[in-house]
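Just so we're on the same page: letters track the sequence lines, and every chain starts at 1.
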Amino acid sequence: MYALVDCNNFFASCERVFRPDLNGKPVVVLSNNDGCVIARSNEAKALGIPMGAPAFKYRNLFEKNQVNVFSTNFVLYGDMSMRIMSLLTEMAPEIEVYSIDEAFLGFKGFELFDIEKYGKKIEQKVYKATGIPISVGFAPTKTLAKVANRIAKKFPKQTQNVYVIDTDKKRKKALNWLRIGDIWGIGRRFSKRLEAKKVFTARDFVDLSDAFVRSEMSVVGLRLKKELEGEETMTLEKYSPKKTIATTRSFETMYTDFEDIKERVATFAITCAEKLRKQQTHCNSITVFVHSNDFRKNLPQYSRNILIKTEYPTHSSADLIRYAVLGLKTIFKQGYHYKKAGVIVGDLTRENEKQLSLFSRENPKHQPLMQQIDAINQSIGQNKVKFACQDLGRTWKMKQEKLSPRYTTQLAEIIEIKT
DNA sequence: TCTGGGGTCCTAGGGCGA
DNA sequence: TCTGTCGCCCTAGGACCC
């Protein structure tokens, strides 16, 4: 038996924990740069605000309905997530943290337990300790646990936020109810293609032949079908280090000048290098990309990326800046309005398993230099040490006009209770 | 004026060595 | 020495997730 635990409207719920006056009121959380809506409370959903709604188009609706708008506060959400995951770890023999607000729990050997009762215990404990409401779905496979969770969330009154699929009758009933596009692993493209073939529900999907699903949707689709039939094809995944690390951003305005983008790309490379050092890995390749503004149809569009193999495994900021700028020089074209760029490092290997090269021209000073930079940044604040290619006078910051305090991680921002 | 960011996995097709 | 086949590796692109 697996359980899927999912936090309800997670980011919006995190904001509400420290602002109980917002209970019962519409709350939305915006993406970086306050661009679009990435989380909504139930009240905001009821107002018809869709996921991904551009904030500027919905400003009037927000004002008219007194919607409480927040910028993303990932420091807060990350910390709340950590607290919830550690509680869940205590309550289940196995756990796979699937995302910031979701975890699969493994309950092998619990068949004789009253699992529904236990689910309610989990729900109550998490709510009491953190203030975050969760839904719990139990089923014999991970995909069915996702389905069970959806039912728990959709019918809170009947399920009390916990639902168990433990009989074939319940499984079939759930599959009849679930629309094709709501199956975990079937996105927009596949659901459109399947609907064109009169496949509208999960039940219709499992009624298709294995051969058809295999040919149309590869082994991924076939695995999904088996899971929905109750046959386990996915197990809990152990923690594994990242395979790629990315730093990408949309710009506050469109850039046309090479030097402006160069400064941004170099800064992204530095961030990637810091992330590499933090997880004690080197990269062996780096990808740089630039993108014009998709939404400005009247402007010429351009988008390109380039992958460069590094000469040796590295996590030196200086090395990565050099490669990133080299890549940018190759792909940059004059005459376009650039809106987005990014750096992605890949082919990661562990720091202590470095493949040395006889002809390597690695600068031996980089390693101790990076150590010192990290130490200084750690003691006096992130990004205090800058590289020459960065604009020292630059005050560029993400637009975050509605940022809430970092209640749980900064003493100066701790919650105040007025009596 | 203003539309996010960070990941994973799979497949097709070309290059290339055995 | 030439040619065909097989299988591995790599990359780009497409699909998905949160």
Side-chain angles (χ1 to χ4, degrees), chain A residues 4-7 9-11 28-39 49-60 62 69-74 77-78 81 96-104 142-143 146 149 180-194 214-224 233-234 237 239-254 268 271-272 275 279 284-285 287 289 291-299 303-309 337 339-348 398-402:
Chain A
L4 176 71
V5 175
D6 191 326
C7 302
N9 313 326
F10 183 54
F11 298 167
V28 298
V29 177
L30 303 180
S31 62
N32 281 351
N33 275 326
D34 291 348
C36 46
V37 174
I38 57 165
I49 302 166
M51 191 65 157
F56 75 93
K57 283 191 181 172
Y58 281 79
R59 189 156 295 149
N60 286 342
F62 291 163
V69 181
F70 289 92
S71 305
T72 49
N73 185 344
F74 271 107
Y77 312 149
S81 170
E96 173 193 336
V97 177
Y98 180 68
S99 72
I100 193 163
D101 73 331
E102 266 180 67
F104 285 102
K142 284 170 79 175
T143 309
K146 269 270 188 188
N149 185 287
I180 186 75
D182 292 337
I183 300 173
W184 180 46
I186 295 191
R188 265 204 313 251
R189 307 271 174 131
F190 278 136
S191 60
K192 211 170 168 187
R193 264 153 65 178
L194 288 164
R214 173 71 178 82
S215 73
E216 290 284 313
M217 302 173 65
S218 84
V219 293
V220 184
L222 188 58
R223 245 182 256 161
L224 210 57
T233 64
M234 302 177 202
E237 282 171 30
Y239 168 79
S240 53
K242 286 199 175 73
K243 295 176 180 176
T244 56
I245 288 175
T247 307
T248 70
R249 292 286 180 279
S250 295
F251 306 136
E252 67 278 31
T253 57
M254 290 185 279
F268 299 158
T271 307
C272 283
K275 291 178 185 172
Q279 70 159 29
N284 291 271
S285 71
T287 300
F289 75 82
H291 215 301
S292 57
N293 192 345
D294 264 347
F295 295 100
R296 298 292 292 269
K297 302 291 182 204
N298 55 333
L299 294 173
S303 140
R304 253 197 89 180
N305 64 68
I306 185 170
L307 185 137
I308 302 171
K309 293 272 176 199
H337 292 71
K339 180 64 181 166
K340 192 172 176 174
V343 171
I344 304 165
V345 291
D347 293 324
L348 308 190
M398 220 161 39
K399 188 176 156 199
Q400 283 186 310
E401 289 174 351
K402 311 274 187 183

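When each of A:Pro241 and A:Lys57 is assigned the nucleotide of DNA chain B with its nearest heavy atom, A:Lys57 is the one assigned upstream, toward the 5' end. In terms of position along DNA chain B, the nucleotide closest to A:Ser31 lies nearer the 5' end than the nucleotide closest to the other residue of the pair A:Ser31 and A:Glu237.
Comparing the same atom, P, in B:dT3 and in C:dC18 gives a spacing of 25 Å after rounding to whole Å.
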### Message
If you apply the rule side-chain contact (heavy atoms from CB on, under 4.5 Å), what do you find for A:Lys142 with A:Leu4, and how did you get there?
### Response
CA-CA 7 Å; A:Lys142 284 170 79 175; A:Leu4 176 71; over 6 Å; no
### CA sep, side-chain torsions, deciding dist, call: A:Leu222, A:Arg214, side-chain contact (heavy atoms from CB on, under 4.5 Å)
CA-CA 5 Å; A:Leu222 188 58; A:Arg214 173 71 178 82; 4.1 Å; yes
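Distance A:Gln279 CD to B:dG7 P: 9 Å, rounded to the nearest Å. Rounded to an integer number of Å, the gap from A:Met217 CE to C:dC17 C1' is 14 Å. One atom, OH of A:Tyr77, and another, P of B:dG6, lie 16 Å apart when rounded to the nearest Å. Atom-to-atom, CG of A:Asn33 to P of B:dG5 comes out at 6 Å; the value is rounded to the nearest Å. The distance between atom CZ of A:Phe74 and atom C1' of B:dG6, rounded to the nearest whole Å, is 9 Å. The distance from atom NZ of A:Lys142 to atom C1' of B:dC9 is 13 Å, rounded to the nearest whole Å. We find that CG of A:Asp101 is positioned 15 Å from C1' of B:dG7, with the value rounded to whole Å. Atoms CD1 (A:Ile100) and P (B:dG7) sit 13 Å apart, rounded to a whole Å.
As judged by a 4.0 angstrom heavy-atom cut-off over every strand, A:Leu30 is placed among residues making no nucleic acid contact. If you check every strand for non-hydrogen atoms under 4.0 Å, A:Ile186 touches sugar and phosphate atoms only. Here A:Lys243 lies in heavy-atom contact (under 4.0 Å) with sugar-phosphate atoms only. No engagement by A:Thr253 is indicated, since no non-hydrogen atom pair under 4.0 Å with the nucleic acid exists. As judged by a 4.0 angstrom heavy-atom cut-off over every strand, A:Asn293 is placed among residues making no nucleic acid contact. Within 4.0 Å of A:Leu222, counting heavy atoms only, lies no atom of the nucleic acid at all.
Taking both residues in full, the closest heavy atoms of A:Thr72 and A:Tyr77 are given as CA-OH, 4.0 Å, listed atom of the first, atom of the second, then distance. Between A:Met51 and A:Ala39, the shortest heavy-atom distance links the atoms SD-N, 4.4 Å.
Between A:Phe11 and A:Phe74, the ring planes lie perpendicular to each other; the angle is over 60°, past the 30° to 60° tilted range. Between A:Phe251 and A:Phe268, the ring planes are parallel. Angles under 30° get that label, and only those over 60° would be called perpendicular.
For the pair A:Lys297 and B:dT3, the criterion of a side-chain N or O lying under 4.0 Å from OP1 or OP2 is not met. Between A:Lys340 and B:dT3 there is no side-chain polar atom (N or O) within less than 4.0 angstrom of OP1 or OP2. Between B:dC2 and A:Arg296, a contact under 4.0 Å exists linking OP1 or OP2 to a side-chain N or O.
If you take CG on A:Asn32 and CD on A:Gln400, they are separated by 6.5 Å, rounding to the nearest 0.5 Å. Rounded to the nearest 0.5 Å, atoms OG (A:Ser250) and NZ (A:Lys339) are 6.0 Å apart. To the nearest 0.5 angstrom, A:Asp6 atom CG is 5.0 Å from A:Asp101 atom CG.
Taking only side-chain atoms of A:Thr248, from C-beta outward, the nucleotide of B:dG5, C:dC18, B:dG4 with the closest atom is B:dG5. If you check C:dC18, B:dC2, B:dG4 against the side chain of A:Ser99, the one that comes closest is C:dC18. In this structure, the nucleotide among B:dT3, B:dG4, B:dG7 sitting nearest to the side chain of A:Ser250 is B:dG4. With distances taken from any side-chain atom of A:Trp184 to the nucleotides B:dG7, B:dG4, C:dC17, the minimum falls on C:dC17.
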Please list each protein N or O that sits under 3.5 Å from an N or O in nucleotides 11-15 of chain C, with the distance.
from   : atom 1 : to       : atom 2 : distance (Å)
C:dA15 : OP2    : A:Arg189 : NH1    : 2.8

Can you tabulate the close N/O pairs, meaning under 3.5 Å, that link protein atoms to atoms of nucleotides 10-17 of chain B?
from   : atom 1 : to       : atom 2 : distance (Å)
B:dC10 : OP1    : A:Arg223 : NH1    : 3.4
B:dC10 : OP1    : A:Arg223 : NH2    : 2.9

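Partner of A:Leu307 under the side chain to side chain contact (heavy atoms under 4.5 Å, CB included) criterion, out of A:Asp347, A:Thr287, A:Ile344: A:Thr287 alone.
Within the 3.5 Å criterion, the main-chain N or O of A:Glu401 finds a donor-acceptor partner in the side chain of A:Asp34.
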